[in-house]
Amino acid sequence: MVLVLRGKPKNLASFIVSGSFDKFKDILATHSPILSFRNPSSFLQLSNGIFTPKTISARSHSTASSNRQTMVKHPRSMSEKITNLDDALQLFDEMTQRQPLPSVVKFNQSLQAVAKMKHYSCSIELFKQMNVVRVPVDAYTINIVIKCCCQMHHTSEGFAVLGYGFKRDISPDVCTFSALLNGLILEDSVLKAERLFKKLIKEELCEPDTIMYTTMIKGLCKFGNNDTAIALLKLMDRSGCKRNVVTYNTIIDSLCKDQMVDDAFNLFKEMVFHKGILPDVITYNSLIHGLCNLCRWDEVSKLLKEMEDDRISPSVNTFNILVDALCKEGKVEDANCVINIMIQRGKDS
DNA sequence: GTAGGGTTAG
């Protein structure tokens with residue numbers, strides 16, 4: 001991977017104003033084929049069309065909420081968690097009817113609450129409703145909606161939302177691009193993700209951070225490209241970007257799956273002894289799984305002991321890995337012992 | 001006063 005080290009990030013809004021918006025055109029043209037940049041006005045019309053809301057209101061999403069007689073108690077602050085979809089929708093409906101309208105932050109929190117419940121299409125509907133009542137959306141809104149599109153494997157629509165943002169002078173940032181990269185990876189378009197990532201760095205369109213690097217590493221590992229993933233890990237260092245346990249776990253797991261357990265252990269040691277990053281149960285599970293696949297039982301026992309010393313409790317995944325591996329080896333009695341330990345631990349906790 | 005990644009088992 002040929003990558004240019006990061007430089008001073010530029011203000012993306014200034015690109016648009018100064019005509020450097022051209023730089024983004026090909027990003028959109030590549031990833032959002034429904035838009036045409038030969039005719040900018042067609043782009044604007046299309047982006048309007050895409051985000052024209054359906055006639056349904058937030059309230060009509062749920063008969064349960066419309067039948068409800070009692071009003072939802074208003075959270076005094078949005079920090080009070082909304083964990084129920086009906087409540088979230090009803091609150092949103094009520095917000096749209098207030099005069100003056102609540103701040104965009106309140107609306108964003110509403111969208112986010114719905115997205116967190118994984119009701120992505122519903123969250124997108126609320127965004128359309130925000131447009132109807134003319135809430136001035138911001139970068140947070142855009143990023144939530146892009147994430148929703150991407151999680152639904154509709155990444156090209158995510159890019160269309162990016163275009164919608166440009167139209168309103170809302171600049172994309174590292175969160176926007178991370179969500180889009182993740183969308184491409186979810187759809188197995190890792191090459192597209194790689195191209196976009198390189199472009200972002202080369203043209204200094206945003207400064208990658210831990211999340212963005214980890215996302216790219218995940219994509220590379222997904223397609224067995226461990227070498228490039230490790231190269232990216234090194235680039236993180238050179239760029240002054242901190243790695244975390246998730247970054248390491250992603251590569252360690254990939255190496256273990258490819259039976260490169262010794263390489264995985266080298267990374268493990270680097271993580272713990274050079275970077276001072278503590279492993280977690282996921283790190284151990286990946287390593288144990290890798291060792292089990294190679295029937296390196298002594299080392300499995302050693303790792304389990306190490307976990308105990310580190311006060312990291314085995315998870316149900318740990319037990320599943322062990323039971324599965326022992327059964328495959330015909331060690332049914334041992335598997336039974338492991339199950340009994342698991343049951344006993346369940347009783348103790 | 002909000003947003004992006006979240007890795008592991010069967």
Side-chain angles (χ1 to χ4, degrees), chain A residues 77-79 81-82 102-116 123 127 135 137-151 155 158 161-162 165 170-186 193 197 200 206-222 229 232 236 241-257 264 267 271 277 279-290 292-293 303 307 312 314-328 335 338-339 342:
Chain A
S77 76
M78 287 299 266
S79 61
K81 297 263 179 181
I82 306 167
S103 73
V104 64
V105 174
K106 303 284 183 202
F107 281 99
N108 290 344
Q109 287 171 332
S110 227
L111 254 64
Q112 176 66 356
V114 174
K116 277 250 159 74
S123 187
F127 165 66
V135 178
V137 303
D138 65 6
Y140 288 83
T141 326
I142 297 295
N143 289 345
I144 295 165
V145 176
I146 288 178
K147 180 196 168 148
C148 289
C149 294
C150 292
Q151 292 294 328
T155 304
V161 179
L162 179 69
I170 299 168
S171 302
D173 58 15
V174 68
C175 298
T176 323
F177 287 120
S178 290
L180 288 166
L181 285 171
N182 191 47
L184 291 172
I185 290 162
L186 284 174
F197 181 70
L200 294 176
C206 81
E207 191 174 323
D209 63 4
T210 305
I211 291 180
M212 185 176 270
Y213 275 110
T214 305
T215 304
M216 272 315 298
I217 285 171
K218 180 185 75 172
L220 292 164
C221 288
K222 192 176 178 181
L232 219 47
M236 283 178 86
C241 182
K242 293 250 188 259
R243 311 156 176 196
N244 62 20
V245 68
V246 179
T247 320
Y248 274 103
N249 284 353
T250 307
I251 307 184
I252 287 173
D253 184 65
S254 181
L255 289 168
C256 288
K257 286 202 165 77
L267 263 190
M271 172 178 96
I277 298 170
D280 60 13
V281 67
I282 295 175
T283 325
Y284 279 108
N285 285 349
S286 293
L287 291 167
I288 289 170
H289 199 192
C292 283
N293 285 339
L303 267 193
M307 277 177 85
I312 295 172
S315 63
V316 67
N317 292 25
T318 323
F319 286 107
N320 283 342
I321 291 163
L322 294 170
V323 170
D324 182 58
L326 289 168
C327 286
K328 280 175 181 158
V338 172
I339 290 172
M342 183 172 73

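Every chain is numbered from 1 and lettered A, B, ... according to where its sequence line falls, protein lines coming before strand lines.
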Side chain of A:D324, heavy atoms from C-beta onward: which of B:dG4, B:dT8, B:dG10 has the nearest atom to it?
B:dG10

With the side chain defined as heavy atoms from C-beta on, A:N317 is closest, among B:dT8, B:dG5, B:dG4, to B:dT8

Counting only side-chain N and O atoms of A:K147, is one of them less than 4.0 Å from OP1 or OP2 of B:dG4?
yes

So, for A:G219 and A:I185, which heavy atoms are closest and what is the spacing to 0.1 Å?
CA-CG2, 3.6 Å

Short side-chain N/O contact from A:Q151 to OP1 or OP2 of B:dG5, under 4.0 Å:
yes

For a quick test of reading the model: is some side-chain N or O of A:Q112 closer than 4.0 Å to OP1 or OP2 of B:dT2?
no

With a 3.5 Å cut-off and heavy atoms only, can you find an N or O donor on one side and an acceptor on the other between the side chain of A:S178 and the base of B:dG4?
yes

Proximal nucleotide (of B:dG5, B:dT7, B:dG4) relative to the A:N249 side chain:
B:dT7

Among B:dA3, B:dG5, B:dT8, the one nearest A:S286 by side-chain distance:
B:dT8

Examine B:dA9: is either OP1 or OP2 under 4.0 Å from a nitrogen or oxygen in the side chain of A:K257? Give yes or no.
yes

I want to verify a distance call: between B:dT8, B:dA3, B:dG1, whose nearest atom is closest to the A:S103 side chain?
B:dG1

To the nearest Å, how far apart are A:F107 CZ and B:dA3 C1'?
17 Å

Please confirm whether the backbone N or O of A:K242 pairs with a side-chain atom of A:T210, one donor and one acceptor, at under 3.5 Å?
yes

Residue from A:D253, A:T318, A:D280 passing side chain to side chain donor-acceptor pair (under 3.5 Å) with A:N285:
A:T318

Separation of B:dA9 C1' from A:L326 CG (nearest whole Å):
14 Å

Take the protein atom CG of A:L184 and the nucleotide atom P of B:dG5, then report the distance between them rounded to whole Å.
13 Å

Distance only, no hydrogens: is a donor on one side chain within 3.5 Å (strictly under) of an acceptor on the other, for A:K218 and A:N182?
yes

May I have the distance from A:I146 (atom CD1) to B:dT2 (atom C1'), rounded to whole angstrom?
16 Å

How many whole angstroms separate atom CG of A:N244 from atom P of B:dT7?
12 Å

Taking any heavy-atom pair under 4.0 Å as a contact, classify A:V104: base, sugar-phosphate, or nothing.
nothing

Euclidean distance, atom CD1 of residue A:I282 to atom P of B:dG5 [Å, nearest integer]
16 Å

Among the candidates B:dG1, B:dG5, B:dG4, find the nucleotide nearest to the side-chain atoms of A:D209.
B:dG4

To the side chain of A:V105, which of B:dG1, B:dG6, B:dT7 is closest?
B:dG1

Hey, is the main chain of A:V246 close enough, under 3.5 Å, to the side chain of A:T250 for a donor-acceptor pair?
yes

d(CD1, A:I211; P, B:dT7) in whole Å
13 Å

Nearest listed nucleotide, side chain of A:T250, among B:dT2, B:dG5, B:dT7
B:dT7

Less than 4.0 angstrom between a side-chain N/O of A:N182 and OP1 or OP2 of B:dG6, yes or no?
yes

Closest approach of A:V114 to A:S123 (non-hydrogen atoms, all atoms of both residues)
CG1-N, 3.7 Å

To the nearest angstrom, how far is A:L181 atom CG from B:dT7 atom C1'?
17 Å

